[in-house]
Amino acid sequence: WPLYLAKGEIITAVDSKARRISDYMPLTVTTPERSLILGGPEDEPELYDLARDPQEQDNEWATSDEGALLAERALSFLEGVRTPEEYLAPRREAIERWRAVEKSA
């Protein structure tokens with residue numbers, strides 16, 4: 001999904017009827033070893049080890065710093081190609097929020 005399809009935007013993609021998107025469309029980053037899914041601030045990020053868990057059943061976000069590092073690299077790339085901050089900010093909020101949740105657990 002394009003990053004501009006974010007919470008609050010109105011789309012007509014499904015059946016030409018205008019509908020407001022109720023949540024952020026996820027940003028997915030996939031490497032040969034990992035899959036990262038990063039949505040908005042309320043959505044816990046997901047990190048999967050594709051070699052061990054190809055069906056993406058075991059979310060390793062809370063047990064590894066690797067997901068946050070991969071997310072930051074993805075956001076840095078998007079900054080480099082001049083992605084508007086309004087599309088990056090919700091993802092940054094998700095990283096920070098879920099880091100705080102991990103530390104308090």
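Applying the side-chain contact (heavy atoms from CB on, under 4.5 Å) test to Ala74 and every residue at least two apart in sequence or in another chain returns Val29. Judged as a salt bridge (Lys or Arg N to Asp or Glu O under 4.0 Å), and not counting sequence neighbours, Glu44 has no contacts. Listed by chain and residue number, nothing satisfies the side chain to side chain donor-acceptor pair (under 3.5 Å) test with Gln55 (two or more places apart in sequence, or in another chain). By the side chain to side chain donor-acceptor pair (under 3.5 Å) test, Asp49 is found to be paired with Arg34, residues two or more places apart in sequence or in another chain being considered. For the side-chain contact (heavy atoms from CB on, under 4.5 Å) test, residues two or more places apart in sequence or in another chain that qualify with Leu69 are Glu72. Residues passing the side chain to side chain donor-acceptor pair (under 3.5 Å) test with Arg52, sequence neighbours excluded: Asp58, Glu60.
Results of the side-chain contact (heavy atoms from CB on, under 4.5 Å) test with Pro45 over Asn59, Leu38, Leu27 single out Leu38 as the only residue that passes.
Closest heavy-atom contact between Ala68 and Arg99: CB-NH2, 3.2 Å. Here the closest heavy-atom approach between residue Gly40 and residue Ala94 is recorded as O-CB, 3.3 Å.
Annotation: the span from Leu88 atom CG to Glu93 atom CD amounts to 11.5 Å, rounded to 0.5 Å.
The hydrophobic cluster around Leu50 extends to none of the other residues, as no ILVMFWY side-chain heavy atom falls under 4.5 Å of it. Grouping Ile, Leu, Val, Met, Phe, Trp and Tyr by side-chain contacts under 4.5 Å, direct or through others, puts Ile37 with Tyr48.
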Derivation and outcome, side-chain contact (heavy atoms from CB on, under 4.5 Å), residues Leu70 and Glu66: CA-CA 6 Å; Leu70 187 56; Glu66 192 174 355; 5.5 Å; no

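The closest donor-acceptor contact from the side chain of Trp98 to the backbone of Glu46 lies at 3.5 Å or more, if one exists at all.
The shortest side-chain heavy-atom distance between Trp61 and Leu36 falls under the 4.5 Å cut-off.
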